[in-house]
Amino acid sequence: MTKTKLLTVAALGLGLVALPTIGDAQSFQGGQPIMWGADQVSRTTTTLSMQGRAELTQGDSRIRADNIEAGLNGGTLTRVEASGSVYFVTPEQTIRGDRAVYTPNNDTIVLTGDVILTQGENVITGARLVYNTRTESAQMEGGSGGRVQGVFYPQSGN
């Protein structure tokens with residue numbers, strides 16, 4: 001591992017440790033109703049396609065994008081692909097990217113493009129973020145020749 005990559009991984013690890021944790025209520029969870037809406041919607045037995053201000057909400061979490069394609073199996077989400085100004089929002093943090101793929105069976109959302117994760121004043125930027133909605137673990141990558149960067153504000157001990 002190169003020195004730059006090692007320093008990037010160490011900085012990201014320290015930064016993620018500094019971020020406050022998110023409770024399970026903010027994660028996409030099975031069993032909770034999923035609300036959806038968009039300017040234009042089409043549905044078949046296996047897909048839900050939404051264009052224009054598309055949004056999926058479950059519990060306190062929301063995916064918003066210009067377009068969302070959701071795979072369905074018996075009315076259950078199997079895969080969600082979002083593109084164009086994608087936001088994954090919880091009460092504690094906002095993740096922005098150009099494209100996202102959410103896979104409910106492994107609780108993972110992968111955002112790519114110009115990815116920005118914010119939580120309070122803390123910010124991490126990179127090219128690809130893998131985030132587990134159940135464990136709240138995150139891994140940011142810098143992309144080809146890119147870097148992961150962050151700004152972290154320590155919590156005051158007052």
Side-chain angles (χ1 to χ4, degrees), residues 8-39 41 47-73 75-143 146-156:
T8 300
V9 169
L12 180 61
L14 288 173
L16 290 175
V17 168
L19 295 175
T21 59
I22 306 169
D24 288 335
Q26 285 86 17
S27 300
F28 271 90
Q29 294 179 348
Q32 293 187 22
I34 298 172
M35 296 180 290
W36 52 268
D39 294 336
V41 177
T47 61
L48 175 64
S49 297
M50 299 176 284
Q51 291 81 39
R53 297 183 303 169
E55 183 172 76
L56 286 174
T57 304
Q58 185 175 34
D60 291 332
S61 296
R62 177 176 63 233
I63 295 177
R64 294 182 305 173
D66 295 334
N67 301 295
I68 296 177
E69 299 285 325
L72 303 171
N73 182 4
T76 302
L77 284 178
T78 57
R79 181 180 170 98
V80 175
E81 294 187 34
S83 60
S85 299
V86 177
Y87 289 86
F88 177 69
V89 180
T90 72
E92 296 296 324
Q93 59 184 213
T94 299
I95 306 170
R96 187 236 171 265
D98 298 327
R99 186 172 189 285
V101 176
Y102 172 61
T103 310
N105 69 352
N106 66 4
D107 301 312
T108 302
I109 185 167
V110 178
L111 289 96
T112 56
D114 185 19
V115 180
I116 303 167
L117 172 111
T118 60
Q119 186 169 37
E121 294 179 301
N122 301 320
V123 179
I124 301 173
T125 62
R128 181 174 186 268
L129 175 73
V130 178
Y131 182 79
N132 185 294
T133 60
R134 183 178 35 80
T135 65
E136 301 165 358
S137 64
Q139 178 180 347
M140 181 77 80
E141 298 172 11
R147 296 177 51 146
V148 175
Q149 294 182 314
V151 176
F152 305 102
Y153 295 88
Q155 295 179 355
S156 65

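Predicted model only: the values in this text are computed from it and were never measured.
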J.: Rounded to the nearest 0.5 Å, how far does OG1 of Thr125 lie from CG of Leu117?
T.: 10.0 Å
J.: For Ala127, which residues count as a side chain to side chain contact (heavy atoms under 4.5 Å, CB included) partner, sequence neighbours excluded?
T.: none
J.: Restricting to side-chain hydrogen bond (donor to acceptor under 3.5 Å, both in side chains), what partner residues turn up for Asp98, sequence neighbours left out?
T.: Arg96
J.: Enumerate the salt bridge (charged side-chain N to carboxylate O under 4.0 Å, His left out) contacts for residues 109-123, please, sequence neighbours excluded, ordered by first and then second residue.
T.: none
J.: For Glu92, run the side-chain contact (heavy atoms from CB on, under 4.5 Å) check against Thr94, Val89, Thr90 and tell me which one passes.
T.: Thr90
J.: Just how far is it from atom CD of Gln51 to atom CD1 of Ile68, taken to the nearest 0.5 Å?
T.: 10.0 Å
J.: Quick one, Leu72 with Leu48, criterion side-chain contact (heavy atoms from CB on, under 4.5 Å). Give me CA distance, side-chain angles, the key distance, then yes/no.
T.: CA-CA 7 Å; Leu72 303 171; Leu48 175 64; 4.2 Å; yes
J.: If I take atom CD from residue Glu55 and atom CD1 from residue Ile63, how far apart are they, to the nearest 0.5 angstrom?
T.: 10.5 Å
J.: Decide side-chain contact (heavy atoms from CB on, under 4.5 Å) for Leu129 and Ile124; before the verdict, give the C-alpha distance in whole Å, the side-chain angles of both, and the deciding distance to 0.1 Å.
T.: CA-CA 10 Å; Leu129 175 73; Ile124 301 173; over 6 Å; no
J.: Only one of Arg64, Met35, Met50, Arg62 forms a side-chain contact (heavy atoms from CB on, under 4.5 Å) with Leu56, so which one is it?
T.: Met50
J.: Using side-chain hydrogen bond (donor to acceptor under 3.5 Å, both in side chains) as the criterion, list what pairs up with Ser49, not counting sequence neighbours.
T.: Glu69
J.: Residues in side-chain hydrogen bond (donor to acceptor under 3.5 Å, both in side chains) with Asn105, at least two apart?
T.: none
J.: Any idea which heavy atoms bring Asp39 and Arg53 closest together, and the distance?
T.: OD1-NH2, 2.7 Å
J.: If you define the side chain from C-beta out and look only at heavy atoms, does anything of Thr133 sit under 4.5 Å from Tyr102?
T.: yes
J.: Considering non-hydrogen atoms only, spot the tightest contact between Val148 and Met140 and give its length.
T.: CG2-O, 3.6 Å
J.: What residues, two or more places apart in sequence or in another chain, satisfy side-chain hydrogen bond (donor to acceptor under 3.5 Å, both in side chains) together with Asn73?
T.: none
J.: Side chain to side chain contact (heavy atoms under 4.5 Å, CB included) with Thr108: which residues, sequence neighbours excluded?
T.: Asn106, Val110, Val130, Asn132
J.: Where is the tightest heavy-atom contact between Leu111 and Ala100, given as atom of each residue plus distance?
T.: CG-CB, 3.9 Å
J.: Enumerate, atom names and distances included, each donor-acceptor pair closer than 3.5 Å involving a side-chain atom of residues 81-88, sequence neighbours excluded.
T.:
residue : atom : partner : partner atom : Å
Glu81   : OE1  : Arg99   : NH2          : 2.9
Glu81   : OE2  : Arg79   : NE           : 2.9
Glu81   : OE2  : Arg79   : NH2          : 3.3

